[in-house]
Amino acid sequence: MAEVRTRFAPSPTGALHVGGAHTALFAWLFARHQGGKFVLRIEDTDEVRSTEESLGAIYDGLNWIGIDWDEGPDLGGPYGPYIQSERLDTYNEYVDQLLGSGRAYPCYCTPEELEERQEVMRKRGLPPRYDGRCRDLSEEERRRLEAEGRKPCIRFRIREGGTTVVNDIIRGQVGFDNALMGDFVIRKTSGYPTYHMAVVVDDHLMQISHVIRAEEHLSNTPRHLQLMDALGFEPPQFAHLPIILGPDRTKLSKRHGAVNLMDYKQQGFLPEAMRNFLALIGWSTGSEQEILDLDELVEKFRLEEVSKSPGIFDLEKATWLNGEYLKRADAEYVTEMVEPVLRQAGLIEADLSPERREWLVKVVDLMKERTRLLTDFVSWARYFFTDEYPYDERARKKWLRREEVPDRLDALAERLETLEAWNVDSIEAAVRGLADELEVSAAKVIHPCRSAVTGQTIGPSLFHLMELLPQETVVGRLRRTAELSRAGELEPTDGEG
RNA sequence: GCCCUCAUGGUCUAGUGGUCAGGAUACCGGGUUCUCAGCCCGGGGGCCGGGGUUCGACUCCCCGUGGGGGUACCA
């Protein structure tokens with residue numbers, strides 16, 4: 001059996017979209033699972049919308065989630081170039097072949113004329129497809145039209161009768177009535193091929209064995225099949241993937257929030273979590289396992305198991321998954337990932353000393369159990385990095401405005417200030433000692449203390465967290481909070497009691 | 001309009017001509033004598049509707065309905 005070769009063929013009209021990443025991932029997983037090759041091809045035949053910058057953005061997105069390619073514009077390969085705008089001569093050869101065999105013909109209709117006629121057809125309740133006006137023009141008529149200054153595009157002649165059947169790995173056999181297809185353009189007036197022409201030629205020339213793409217292309221496939229047939233190409237296998245929808249069940253778009261893959265990096269997602277999440281939209285192992293690392297994904301992926309129904313991009317679930325990855329990852333790795341986030345928030349300096357860096361790993365280790373996004377470190381772990389943290393509502397309501405609290409905080413500050421050793425055990429002993437002396441439960445000291453030192457009512461073990469803060473910082477915060485409390489500055493701000 | 005396609009709790013999904021329709025997430029409740037957005041335990045909630053086939057249908061067929069895609073000199 002021939003080598004498995006799949007490809008991802010984005011058009012460079014913007015950054016890598018979540019849907020594009022999903023398609024790329026599936027094609028890549030299949031190739032890797034089969035031990036085949038994965039090709040990146042850029043389909044920039046839309047001269048108007050294609051941009052240079054998007055190319056870089058596509059590379060960045062793919063790199064981020066760990067998709068690599070064996071052949072592509074940057075890498076080259078045996079079937080290059082891998083950018084369609086650099087392959088115009090190739091497409092023209094095949095267009096000429098079709099022209100020669102009579103399966104294609106020049107069409108002189110202008111876009112305005114086309115639109116007008118389609119409008120009429122629509123009004124009559126007819127399908128608004130190309131009416132075939134230029135199908136059988138005589139030489140003389142063509143000359144006359146060209147004398148008018150018209151520049152033709154080239155159309156492909158659809159087979160008159162019968163059905164074109166698409167054999168799809170995911171969807172089975174899908175039949176399309178040829179009579180319902182209009183002759184479509186294969187070369188634009190500008191000389192550029194259309195998508196239909198370019199994919200067919202490139203997939204053939206690049207020896208693509210499996211065309212794995214989003215479902216939106218399923219209805220175009222019979223056109224491609226007819227082109228392949230007319231050109232004498234052996235059709236590849238097809239697999240049309242379910243598309244990704246927004247929470248309102250319409251196609252995922254900007255209205256739904258972030259659609260660019262890299263926006264999720266910005267939001268604090270780990271690439272492996274995003275990859276895992278994307279892999280689980282429209283596919284599952286059939287087992288109950290949901291957390292799969294790269295190797296497991298590659299090992300277990302089966303195209304036959306891909307679902308036919310569209311999936312919704314559920315940010316909640318993605319966030320949960322990210323939290324699981326954070327929890328399981330080792331602190332050193334998470335630290336690496338979180339550093340730029342903290343730096344961007346201005347919470348750590350640009351160059352961390354080895355000691356400071358070691359300390360940061362400990363902070364991360366303490367926090368990662370309960371964070372879901374890297375950006376949670378900026379909000380929930382803020383107090384590790386600065387004295388400028390807010391006292392949240394619950395802390396104000398439950399503890400900080402209580403009458404007895406300021407004195408308790410001062411008393412605790414005094415005890416902690418004189419501690420010889422600053423570690424979990426000594427801190428815990430001091431805190432519990434105070435509680436005993438006051439004849440109150442430890443909680444009555446612990447909670448106000450947490451509220452004072454972190455501004456929050458939740459977080460990791462208080463003693464462990466205090467250990468990672470300098471002794472004088474803790475003491476200072478206790479005294480500052482006591483003072484603010486006495487001054488009535490720590491009443492709830494939402495006006496509620 | 002026409003063509004194609006999809007349909008299991010809110011969401012991601014497993015699954016079968018006879019099942020207590022399974023898991024995860026989200027939600028709710030309880031526990032965790034330092035908190036919870038963490039952890040543990042528990043709970044509610046589902047086979048789109050109508051016909052048929054069948055002893056029996058969530059499962060097979062047909063028709064609706066709803067979603068998506070195509071019908072472009074966009075890809």
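Below, read A as the first sequence line, B as the second, and so on, with proteins coming before strands; counting in each chain starts at 1.
The aromatic rings of A:F184 and A:H196 sit perpendicular, their planes meeting at an angle over 60°, well past the 30° parallel limit.
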Where protein sits on nucleotides 28-36 of chain B, one letter per nucleotide: B base, S sugar-phosphate only, - none, heavy atoms under 4.0 Å: ------BBB
Which letter, B, S or -, goes with each nucleotide of nucleotides 62-75 of chain B from 5' to 3', with contact meaning a protein heavy atom under 4.0 Å? -----SBBSSSBBB
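Atom NZ of A:K308 and atom C1' of B:U13 are 15 Å apart (whole Å). One atom, CD of A:Q289, and another, P of B:U13, lie 17 Å apart when rounded to the nearest Å. To the nearest angstrom, C1' of B:G38 lies 12 Å from CG of A:L366. Nucleotide B:C39 holds its C1' atom 13 Å from the CZ atom of A:R328, rounded to whole Å. Rounded to a whole Å, the CZ atom of A:F313 is 12 Å from the C1' atom of B:C12.
A:K368 places a side-chain N or O within 3.5 Å of a backbone atom of A:K327 that can act as its donor or acceptor partner. In this structure, A:T375 contributes its side chain and A:Q267 its backbone to a donor-acceptor pair below 3.5 Å. Between the side chain of A:Q289 and the backbone N or O of A:I291 there is at least one donor-acceptor pair closer than 3.5 Å. A donor-acceptor contact shorter than 3.5 Å is absent between the side chain of A:D183 and the backbone of A:R155.
B:G51 and B:G23: their P atoms are spaced 32 Å apart (whole Å). Across B:G9 and B:G15, the matching P atoms stand 15 Å from one another, rounded to whole Å. Between the C1' atoms of B:U8 and B:U25, the separation comes to 16 Å (whole Å). Taking atom P in both B:U11 and B:G43, the straight-line distance is 23 Å, to the nearest Å. For B:U53 and B:C58, the P atoms lie 15 Å apart once the distance is rounded to whole Å. Rounded to whole Å, the separation between the P atoms of B:G42 and B:C62 comes to 43 Å. The C1' atoms of B:C28 and B:C63 are separated by 40 Å, rounded to the nearest whole Å. Taking atom P on both B:G66 and B:C61, the two are 22 Å apart, rounded to the nearest angstrom.
Note on A:G282: only backbone sugar-phosphate atoms sit closer than 4.0 angstrom, heavy atoms only; bases stay farther off.
Between A:Y195 and A:H224, the distance from one ring center to the other falls under 6.0 angstrom. Within the 6.0 Å centre-distance limit, the rings of A:F26 and A:F301 are counted as a close aromatic pair. Here A:F277 and A:W320 keep their ring centres 6.0 angstrom or further from each other. Taking the six-membered ring where the residue is Trp, the centroids of A:F8 and A:W28 are separated by 6.0 Å or more.
Using Watson-Crick or G-U wobble geometry with both donor-acceptor distances under 3.5 Å, B:U54 finds no partner in any strand shown. Judged by Watson-Crick or G-U wobble contacts below 3.5 Å, the nucleotide B:A72 has no partner. Nucleotide B:A7: paired with B:U65 (Watson-Crick or G-U wobble, both distances less than 3.5 Å). Nucleotide B:G44: unpaired (no Watson-Crick or G-U wobble partner with both distances less than 3.5 Å). Under the Watson-Crick or G-U wobble criterion, with both distances below 3.5 Å, B:C39 is paired with B:G31.
Contact annotation: the side chain of A:F384 approaches that of A:L366 to within less than 4.5 Å [non-hydrogen atoms, C-beta and beyond].
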Enumerate the protein-to-nucleotides 22-25 of chain B contacts in which both atoms are nitrogen or oxygen and the separation is below 3.5 Å.
from	atom 1	to	atom 2	distance (Å)
B:G22	O2'	A:E288	OE2	3.4
B:G23	O4'	A:E288	OE2	3.4
B:A24	O4'	A:E290	OE2	2.9
B:A24	O2'	A:E290	OE2	2.5
B:A24	O2'	A:K317	NZ	3.4
B:A24	N3	A:K317	NZ	3.1

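Positionally, the nearest nucleotide of RNA chain B for A:G175 lies more toward the 5' end than for the other of A:W283 and A:G175.
Residues satisfying the side chain to side chain donor-acceptor pair (under 3.5 Å) test with A:Y264, not counting sequence neighbours, are none. Scored by the ring-ring contact (aromatic ring centres under 6.0 Å, His included) test, A:F385 finds A:W359 as partners (sequence neighbours excluded). Looking at residues two or more places apart in sequence or on another chain, you find no ring-ring contact (aromatic ring centres under 6.0 Å, His included) involving A:Y192.
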